[in-house]
Amino acid sequence: MATYQDVLVVLDPSQQEQKALARALELAEHTACRLTAFLSIYDFSYEMTTMLSGEERESMRQAVISDRELWISELVAPARAKGMAVSISVVWHNRPFEAIVNAVNQHQYDLVIKGTHNHDVLKSMIFTPTDWHILRKCPCPVLLVKEHAWPSQGKILAAVNAGSEQPHHIELNKRIILQAQAIAAMLKGEVHLVNAYPGTPVHVAIEIPEFNPAEYNDNMKHHHQQAVAELAAKFAIPTSQTHVLEGMPEDVIPRVAESLDAEMLVIGTIGRTGLSAAIIGNTAEHVIDRLDCDVLALRPDAHVLAP
């Protein structure tokens with residue numbers, strides 16, 4: 001995480017407590033990174049003022065933007081007084097996630113930090129929340145912040161897919177662990193690996209009489225335990241800090257995070273879009289609402305993404 005030099009911090013004017021800004025300032029104290037306090041605003045009523053000229057509507061928009069810039073200036077004044085590098089960016093855009101992605105593409109930010117809220121399950125299925133859009137489309141890592149503190153000597157949980165031999169999973173495992181270790185070094189914490197593996201497919205056991213579910217399950221468990229042990233050894237992580245459990249990642253990861261009282265989960269996201277995103281989603285999306293800690297989502301490098 002010490003490699004992050006330019007950080008985009010997404011503010012939320014609807015919330016009194018700016019969790020993302022507080023976390024970003026905490027990060028800046030450790031790394032001296034540069035912060036940009038970012039806000040995307042839009043009010044459809046300003047576009048409907050047909051009695052006004054284009055110049056008058058633009059003047060109204062600029063007045064709103066200036067008011068928000070003043071609000072942000074007050075928020076970051078204490079940090080600036082301490083010598084922290086904090087700039088301000090307010091844009092007029094009707095789709096916040098697009099404004100965020102556009103800003104990252106234009107200014108090449110290393111990290112986006114955003115506060116997150118619990119999503120209503122039904123609404124999340126129909127209307128994809130801004131957080132999910134950002135996870136799928138943001139080209140840089142995204143840190144979604146919750147209320148959990150960053151205490152010293154805490155646990156950083158790295159979610160890996162050690163059983164896969166696909167190049168993008170192998171590369172992503174490496175990036176996840178290196179990032180988790182950098183965070184642990186910064187916070188004087190320790191890294192734990194978590195890996196979920198699938199249980200016996202019930203339909204196969206029913207349709208194929210000679211299929212041995214117990215043997216299959218033992219083989220699957222051994223395969224993943226060995227793969228995680230080898231992965232941990234490469235990065236000098238003790239086997240006592242590895243967790244290999246049967247089940248779906250969205251069930252296993254929150255359970256391990258809660259048992260460890262982890263302060264952060266580092267996880268990969270393939271960034272599906274379109275129909276596959278609507279039907280399948282990403283593991284990061286499935287687990288985010290079930291965690292009480294921050295989530296740092298990383299995407300694979302473009303050159304190793306699966307076609």
Side-chain angles (χ1 to χ4, degrees), residues 1-47 49 55-119 129-135 137-150 264 288 294-297:
M1 208 155 187
T3 58
Y4 296 149
Q5 297 300 314
D6 290 290
V7 178
L8 185 71
V9 187
V10 181
L11 303 182
D12 185 350
S14 68
Q15 299 295 315
Q16 184 173 4
E17 181 185 3
Q18 296 298 320
K19 294 182 291 186
L21 180 60
R23 187 70 86 227
L25 293 174
E26 189 173 358
L27 174 64
E29 289 179 355
H30 289 283
T31 66
C33 59
R34 294 179 293 273
L35 305 179
T36 298
F38 179 85
L39 180 63
S40 170
I41 58 173
Y42 185 81
D43 190 332
F44 189 68
S45 63
Y46 288 94
E47 306 299 329
T49 52
E55 289 184 1
E56 289 172 321
R57 285 197 294 272
E58 178 61 25
S59 177
M60 291 175 67
R61 284 194 292 267
Q62 288 302 320
V64 176
I65 290 173
S66 297
D67 179 70
R68 295 287 85 185
E69 289 175 338
L70 180 61
W71 170 67
I72 298 174
S73 295
E74 294 173 353
L75 285 179
V76 303
R80 285 176 164 175
K82 294 179 181 178
M84 292 185 179
V86 186
S87 58
I88 296 171
S89 176
V90 179
V91 300
W92 186 272
H93 203 295
N94 64 346
R95 303 183 75 177
F97 79 90
E98 283 189 0
I100 293 166
V101 172
N102 288 344
V104 172
N105 286 328
Q106 290 172 9
H107 301 285
Q108 300 297 304
Y109 291 106
D110 304 310
L111 176 70
V112 169
I113 302 181
K114 182 184 181 299
T116 187
H117 314 288
N118 290 331
H119 303 132
T130 297
D131 297 348
W132 290 16
H133 276 303
I134 296 172
L135 286 177
K137 300 178 181 179
C138 186
C140 73
V142 177
L143 177 63
L144 295 175
V145 177
K146 293 202 174 184
E147 283 79 10
H148 198 291
W150 275 5
M264 183 185 298
I288 189 172
D294 292 0
V295 178
L296 178 63

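Computed from heavy atoms alone, side chains included, the values below leave out hydrogens, waters and symmetry copies. Predicted, not measured: the structure shown is a model, and the values here were computed from it.
The heavy-atom pair separating Val145 from Ala20 by the smallest distance is CG2-CA, 4.4 Å. Listed here is the closest heavy atom pair of Tyr109 and Cys140: O-CB, 3.6 Å.
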Would you be so kind as to tabulate the donor-acceptor pairs closer than 3.5 Å made by side chains of residues 62-73, with sequence neighbours excluded?
unit_1, atom_1, unit_2, atom_2, d
Gln62, NE2, Glu58, OE2, 2.9
Ser66, OG, Gln62, O, 2.9
Ser73, OG, Glu69, O, 2.9

Sequence neighbours left out, cut at 3.5 Å: what donor-acceptor pairs do the side chains of residues 77-84 make with other protein atoms?
unit_1, atom_1, unit_2, atom_2, d
Arg80, NE, Val86, O, 2.9
Arg80, NH2, Val86, O, 2.8

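Each salt bridge (charged side-chain N to carboxylate O under 4.0 Å, His left out) pair with one or both residues in residues 16-34, not counting sequence neighbours, appears once here: Asp6-Arg34, Lys19-Glu147, Arg23-Glu26, Arg23-Asp294. Annotation: salt bridge (charged side-chain N to carboxylate O under 4.0 Å, His left out) contacts involving residues 84-102, sequence neighbours excluded, comprise Arg95-Glu98. Sorted by first and then second residue, the salt bridge (charged side-chain N to carboxylate O under 4.0 Å, His left out) pairs involving residues 103-113 (not counting sequence neighbours) form an empty list.
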ask   = Can Leu135 and Val295 be said to form a side chain to side chain contact (heavy atoms under 4.5 Å, CB included), step by step?
value = CA-CA 11 Å; Leu135 286 177; Val295 178; 6.0 Å; no
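A distance of 9.0 Å separates CD1 of Ile134 from CZ of Phe97, quoted to the nearest 0.5 Å. To the nearest 0.5 Å, the span separating CD1 on Ile41 from CG on Leu11 amounts to 11.5 Å. The structure places CG of Leu296 at 6.0 Å from CE of Met264, a figure rounded to the nearest 0.5 Å.
Asn105 is linked by a side chain to side chain contact (heavy atoms under 4.5 Å, CB included) to Val101, Pro139, counting only residues two or more places apart in sequence or in another chain. When the side chain to side chain contact (heavy atoms under 4.5 Å, CB included) test is applied to Cys33, the partners found at least two apart in sequence or on another chain are Val7, Leu27, Ala28, Thr31, Leu35. For Ser89, the side chain to side chain contact (heavy atoms under 4.5 Å, CB included) test picks out Thr36, Phe38, Val91, with sequence neighbours left out. Not a single ring-ring contact (aromatic ring centres under 6.0 Å, His included) links His93 to another residue, sequence neighbours left out.
His107 is not listed as a side-chain neighbour of Leu8, based on a closest heavy-atom distance of 4.5 Å or more.
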